[in-house]
Amino acid sequence: MLKQQILQIKTSAISKIEATENDSDLFNVEKKYLGKKGELTAILKQLKDLSGEERKSAGILANVTKNEIIEALKSKKAEMQRGRFDFQKEKIDVTIPGKKIKHGHLHPITIVQKEIEDIFTALGFEIADGPEVETEFYNFDALNMPKNHPARDAWDTFWLKPTNNRQQKTNNRSGKLLLRTHTSPVQVRYMQKNKPPFRIIAPGKCFRNEATDSTHEHTFYQFEALMVGDAINVGNFKYIGEQFFSRFFQKDIRIRLRPSFFPFTEPSFEFDISCTVCGGQGCRSCKNTGWLEVGGAGMVNQNVFVASGYPRNIYQGFAWGFGLERLAMMKYKIDEIRLFHGGDLRFIRQF
Ligand code: DAH
């Protein structure tokens, strides 16, 4: 009889617990069965009136049932808690401003370098590369500047001390190691491995041991151009130059060559372009001359061909070397070269 009652209490308690949907209902269910005047509590109280054997078995059943109800209450509470928690988590406040993801972007030097590469590849040029730590041979000797030649003084050089056997061996074979002072050594490296005709550019980092100011840095970028064949001439050079600068500045640019001297070219030129601001009329940017100086160039000296392993007077071609920062400064109207490598994000983020 009593056992029957206990089992009924159990079924109805469990199903009620399962059906509850809020705290106060659950509290009421708990009270109804386990409270002071609860149904199961009443039964537990009656146990003492029973005879030995019956008291024992009904007692066990009643206590097990009590525990099961307590467990069911607990897990229901936990379930309701979780529900609340999920709700909190998934709540979306559509009025909160979005989080901005900061995108990185290319450095202005890289942007300009890529533009230059695009223009030259469209003109059929290949992109060549060489090491930043160079040997004396490639940086000077092969470019027609033998040891102790005063022409070397034009490049304030960072010389490197050999620190291991391998470097010492290179040192003995190709002269001391240094940080390349220009991209011209790439001319020789490329010519040693390739046969004319070819046209290349070689953009890259260069280093000079000199005091910095608004137009000079110890670390900077140049790009070299080299076009060699049987009959490449100054006319080809002027045309390529005009094409390149007109495309780079997206306006018609004229070229002016002035006689100059570089050991690795003969004849050599300083190379001006018509002012990108006034178009040649004369303005503050070009100091009223109508022209802007951009770099050095010339017809490759035959001694450079010979140093690269070619016979003398068989090939001819032009070469030039420009400062990449200078072009970037002209394009973006920047008046301080040190901004490029200064690490100031306020500058970099403008590109
Ligand atoms: N290498 C020279 C420099 O850094 C620039 C230069 C001048 C490169 C004339 C050339 C050239 O290829 O023909 O000052």
Side-chain angles (χ1 to χ4, degrees), residues 113 116 120 125-132 134-145 149-158 178-192 196 198-210 212 215-229 232-238 240-241 244-245 255-273 292-308 310 315-327 337:
Q113 180 177 332
I116 293 172
F120 273 99
F125 281 67
E126 200 184 315
I127 296 160
D129 205 4
E132 289 167 6
E134 229 348 325
T135 63
E136 198 176 355
F137 172 77
Y138 287 107
N139 200 82
F140 290 124
D141 299 73
L143 294 171
N144 201 24
M145 284 179 276
H149 196 284
R152 286 192 179 191
D153 292 350
W155 290 269
D156 297 298
T157 309
F158 287 112
L178 49 84
L179 296 180
R180 68 174 175 195
T181 57
H182 47 184
T183 43
S184 303
V186 185
Q187 292 186 25
V188 180
R189 287 185 174 275
Y190 186 89
M191 287 203 282
Q192 284 180 332
F198 54 73
R199 39 198 148 155
I200 59 163
I201 60 162
K205 216 184 256 178
C206 305
F207 310 85
R208 289 198 196 160
N209 185 7
E210 61 186 348
T212 65
T215 54
H216 295 89
E217 256 288 22
H218 49 71
T219 301
F220 57 98
Y221 283 76
Q222 279 192 340
F223 81 98
E224 196 81 8
L226 176 68
M227 184 166 178
V228 175
I232 303 299
N233 57 43
V234 181
N236 301 131
F237 166 64
K238 249 190 123 178
I240 296 285
F244 166 68
F245 284 103
I255 300 284
R256 183 175 77 169
L257 305 181
R258 287 177 288 118
S260 183
F261 171 76
F262 297 101
F264 31 92
T265 43
E266 177 65 49
S268 306
F269 329 112
E270 289 301 331
F271 184 121
D272 298 339
I273 59 173
L292 298 169
E293 201 180 311
V294 283
M299 298 303 290
V300 179
N301 192 307
Q302 289 299 323
N303 288 346
V304 178
F305 286 136
V306 171
S308 308
Y310 294 176
Y315 298 112
Q316 62 182 45
F318 68 77
W320 81 43
F322 293 151
L324 216 110
E325 283 88 349
R326 172 130 174 89
L327 290 192
I337 196 172

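Position 1 is the first residue of the sequence; numbering continues from there. Just so you know, ligand 1 is whichever comes first in the structure, and atom 1 is the first atom listed for that ligand. All values below come from the heavy atoms of this structure, side chains included, with hydrogens, waters and symmetry mates left out.
Of all the heavy atoms in Phe262 and Phe269, the pair that sits closest is CE1-O, 3.6 Å.
Summarising the contacts of atom 9 (C) of ligand 1 with Gly298, Ala297, Ser260, the nearest heavy atom is found in Ala297.
Per-residue contacts place Gln222 under 4.0 angstrom from the following atoms of ligand 1 (heavy atoms of the residue considered): 3 (C), 4 (O). Taking every non-hydrogen atom of Gln187 and a distance limit under 4.0 Å, the qualifying atoms of ligand 1 come out as 12 (O). The Ser184 neighbourhood of ligand 1 comprises atoms 1 (N), 8 (C), with distances under 4.0 Å to a heavy atom of that residue.
Atoms CD and CD1, from Glu325 and Ile337 in turn, are 4.5 Å apart once rounded to the nearest 0.5 Å. Rounding to the nearest 0.5 Å places CZ of Phe264 at 5.5 Å from NE2 of His182.
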- prompt: salt bridge (charged side-chain N to carboxylate O under 4.0 Å, His left out) between Glu293 and Arg258: does it pass, once the steps are laid out?
  reply: CA-CA 10 Å; Glu293 201 180 311; Arg258 287 177 288 118; 3.6 Å; yes

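Close placement of the Tyr310 and Tyr315 rings is indicated, their centers lying within 6.0 Å of each other. Not less than 6.0 angstrom separates the ring centroid of Phe322 from the ring centroid of Phe244.
Within the 4.0 Å heavy-atom cutoff, Trp155 counts among the residues contacting ligand 1. Distances from ligand 1 to the non-hydrogen atoms of Phe264 include at least one value under 4.0 Å. Remark: distances from the non-hydrogen atoms of Glu266 to ligand 1 are all 4.0 Å or more.
For Thr157, there are no side chain to side chain donor-acceptor pair (under 3.5 Å) partners, not counting sequence neighbours. Annotation: side chain to side chain donor-acceptor pair (under 3.5 Å) contacts of Glu217 (sequence neighbours excluded): none.
Polar contact check, Thr265 against ligand 1: no nitrogen or oxygen pair lies under 3.5 Å apart. At a 3.5 angstrom cut-off on N or O pairs, Thr181 does not count as close to ligand 1.
Judged by the 6.0 Å distance and 45° axis criteria, Arg180 is not positioned over the aromatic ring of Tyr138.
Contacts with ligand 1 closer than 4.0 Å are made by side-chain heavy atoms of Arg208 only, the backbone lying farther away. By the criterion of a heavy-atom distance under 4.0 Å, the side chain of Phe262, and not its backbone, is placed next to ligand 1.
Taking atom 12 (O) of ligand 1 as the reference point, the nearest protein heavy-atom neighbour is Glu224 OE2, 2.6 Å. For atom 8 (C) of ligand 1, the nearest protein heavy atom (residue, atom name, distance) is Gly321 N, 3.3 Å.
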